[in-house]
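Order of the sequence lines fixes the chain letters, A, B, ..., with proteins taken first and strands second; residue numbering starts at 1 for each chain. Computed from a predicted model, the values in this text were never measured in an experiment.
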Number of protein chains: 2
Amino acid sequence: MNLTEGREKFIQTWGTLGSNWGINRAMAQIHALLLISPNALSAEEIMEELKISRGNANMNVRALMDWGLVFKVLKAGERREFFYAEKDMWKVAMQVVKERRKRELEPIIGTIRELKKIKDESVSGKQFETTIHDLDSVITKADKTIELLIKADENWFMNNFLKILMK
Amino acid sequence: MNLTEGREKFIQTWGTLGSNWGINRAMAQIHALLLISPNALSAEEIMEELKISRGNANMNVRALMDWGLVFKVLKAGERREFFYAEKDMWKVAMQVVKERRKRELEPIIGTIRELKKIKDESVSGKQFETTIHDLDSVITKADKTIELLIKADENWFMNNFLKILMK
DNA sequence: AAATACTTTCAAAAACTATTGAAACTTTAA
DNA sequence: TTAAAGTTTCAATAGTTTTTGAAAGTATTT
């Protein structure tokens, strides 16, 4: 496999992986392309390389910026905008974890807190209570673990501690 | 909010959450329904409760069984099959983590190993090499962490250790 | 062995999601 | 101020995924 084929394969694989995680193909592919591009690319270049329309490119580049994974770069003497992906993979992973936490964990924690208030003495009510209670405890634990992970990122000791743990 | 509304809301929320994670709505809703049902339900009851067709119910119940989240239950003197969800939320979370690891992490680790072999001295080639190398290191770390988590589940000491860490 | 009760399959339809491309908008340079 | 260069939006279209429902299949009972 040569470089061109490898790049192609990487873009395809990242795109497929994305769709398993509720991220659309174009968005994941643009991300992949920017990850392996040594320099920032213009909208035009992205469109060309991935064979997608201007609107599609624009929309998904903006989504990637919302996720904090891609940044606008302005080049001196150039009118158009260029896009550059965060290349530090640990940061990328952290950013994704943080965003998904905010977008998904937080709302569900809210809903569960509401559902916890329901009291009902029937068998069905008892099972509901148990399920919601257990779910709350698992989700709260997951949330705390993510917090720990985010803190580790900002804290030298924790970081090293986790590195040893994961070796 | 009364029990009926609460059950409804839980099923809806779980369904929505599922679609953000590449799991179809019906599958997630059936799972939610079974989680809060004190006893095993028949295909008929699932169809009725969620207002879905027989085919749809059947297909997704089977998918849930593939994921190891739902089991068939046979009742004495009953011809039809009943379905019961694993209720231990820690086990549910573990099962999902294990399955996604198998279905997604493992294939991507394979692809990355292949892409690592590509050597190319151009700037583009250098960036490709760096990105793939870093990605490999992050994914390998994530994989090891998941392994640790799965082991913790099977090992008293690790389990308690992690519990303390997550407190 | 035929009727009954239930499960599974699968092609077609419906629902949903992503993509296009042209028009509107914004910024810059002459 | 106007033309040129570039960006954004959005309604229409294309593409994908899910759902339906009827038909085929399987097991159980009489």
Side-chain angles (χ1 to χ4, degrees), chain A residues 11-34 39-67 70-84 103-104, chain B residues 11-34 39-67 70-84 103-104:
Chain A
I11 291 169
Q12 292 311 323
T13 305
W14 208 239
T16 306
L17 193 74
S19 23
N20 289 331
W21 289 84
I23 285 155
N24 84 56
R25 211 176 76 245
M27 180 170 161
Q29 289 191 345
I30 293 171
H31 188 215
L33 173 62
L34 292 175
N39 30 48
L41 301 183
S42 67
E44 213 75 32
E45 290 168 300
I46 293 170
M47 286 163 59
E48 172 130 336
E49 189 89 40
L50 301 177
K51 308 258 181 300
I52 60 175
S53 73
R54 187 171 296 285
N56 194 7
N58 181 273
M59 221 166 186
N60 286 299
V61 164
R62 268 184 311 119
L64 284 164
M65 290 194 291
D66 279 355
W67 276 76
V70 164
F71 307 97
K72 247 182 209 175
V73 175
L74 295 170
K75 289 194 186 171
E78 273 277 17
R79 185 120 113 208
R80 67 216 148 120
E81 300 171 332
F82 292 81
F83 303 98
Y84 189 78
R103 288 166 197 227
E104 285 152 39
Chain B
I11 290 168
Q12 292 310 324
T13 306
W14 207 240
T16 306
L17 192 74
S19 21
N20 288 332
W21 290 82
I23 285 157
N24 86 55
R25 212 175 76 244
M27 182 168 159
Q29 290 191 343
I30 294 171
H31 189 215
L33 173 62
L34 292 176
N39 32 47
L41 302 183
S42 67
E44 212 76 31
E45 289 168 300
I46 293 170
M47 289 163 57
E48 172 131 337
E49 189 91 39
L50 302 177
K51 308 262 181 297
I52 60 175
S53 72
R54 186 172 297 285
N56 197 4
N58 181 272
M59 219 165 184
N60 286 299
V61 164
R62 267 185 309 121
L64 284 165
M65 291 193 292
D66 279 355
W67 276 77
V70 164
F71 307 96
K72 246 182 210 174
V73 175
L74 295 169
K75 289 195 185 171
E78 274 277 15
R79 185 121 114 205
R80 69 216 147 121
E81 299 171 334
F82 291 82
F83 303 97
Y84 188 78
R103 289 168 197 225
E104 285 152 39

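Close to D:dT18, at under 4.0 Å from its OP1 or OP2, lies no side-chain N or O of B:Asn56. Between B:Asn58 and C:dT7, a side-chain N or O to OP1/OP2 separation shorter than 4.0 Å is absent. Applying the 4.0 Å criterion to OP1 and OP2 of D:dT17, one finds that B:Asn24 has every side-chain N and O outside that range.
Here D:dT20 presents its P atom at 10 Å from CG of B:Leu50, a figure rounded to the nearest Å. Rounded to whole angstrom, the span from the CG atom of B:Leu41 across to the C1' atom of C:dC6 amounts to 17 Å. Counting to the nearest Å, the C1' atom of D:dT17 and the CD1 atom of B:Ile52 are 16 Å from each other. Atom-to-atom, CE of A:Met27 to P of C:dT17 comes out at 16 Å; the value is rounded to the nearest Å. If you measure from atom CD of A:Glu45 to atom C1' of D:dG6, you get 14 Å, rounded to the nearest angstrom. Nucleotide C:dC6 holds its P atom 13 Å from the NZ atom of B:Lys75, rounded to whole Å. Summarising the geometry, the separation between CD on A:Glu78 and P on C:dT27 is reported as 18 Å, rounded to the nearest angstrom. Nucleotide D:dT19 holds its P atom 17 Å from the CZ atom of B:Arg54, rounded to whole Å.
For B:Arg80, the listed nucleotide lying nearest its side chain is C:dC6; candidates were C:dC6, D:dT19, C:dT19. When each of C:dT19, D:dT19, C:dT8 is scored by its nearest atom to the side-chain atoms of B:Met59, the top-ranked nucleotide is D:dT19.
Using a 4.0 Å heavy-atom cutoff across all strands shown, B:Glu44 reaches no nucleic acid atom at all. Among the heavy atoms of the strands lying under 4.0 Å from B:Arg79 is at least one base atom, whether or not backbone atoms are also near. Within 4.0 Å of B:Arg62, counting heavy atoms only, lie sugar-phosphate atoms of the nucleic acid but no base atom.
The nearest heavy atom of DNA chain D to A:Phe82 and to A:Ser19 marks one nucleotide each, and the one closer to the 5' end goes with A:Phe82.
At least one side-chain heavy atom of A:Trp21 sits less than 4.5 Å from a side-chain heavy atom of B:Glu104. The shortest side-chain heavy-atom distance between B:Met65 and B:Phe71 does not fall under the 4.5 Å cut-off.
Of the inter-residue distances, the one linking B:Asn56 atom CG with B:Met47 atom CE reads 10.0 Å to the nearest 0.5 angstrom.
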Just do the side-chain contact (heavy atoms from CB on, under 4.5 Å) check on B:Glu81 and B:Leu74 with the steps written out, would you? CA-CA 6 Å; B:Glu81 299 171 334; B:Leu74 295 169; 4.1 Å; yes
Run A:Ile30 and A:Val70 through side-chain contact (heavy atoms from CB on, under 4.5 Å) and show every step you take. CA-CA 10 Å; A:Ile30 293 171; A:Val70 164; 5.9 Å; no
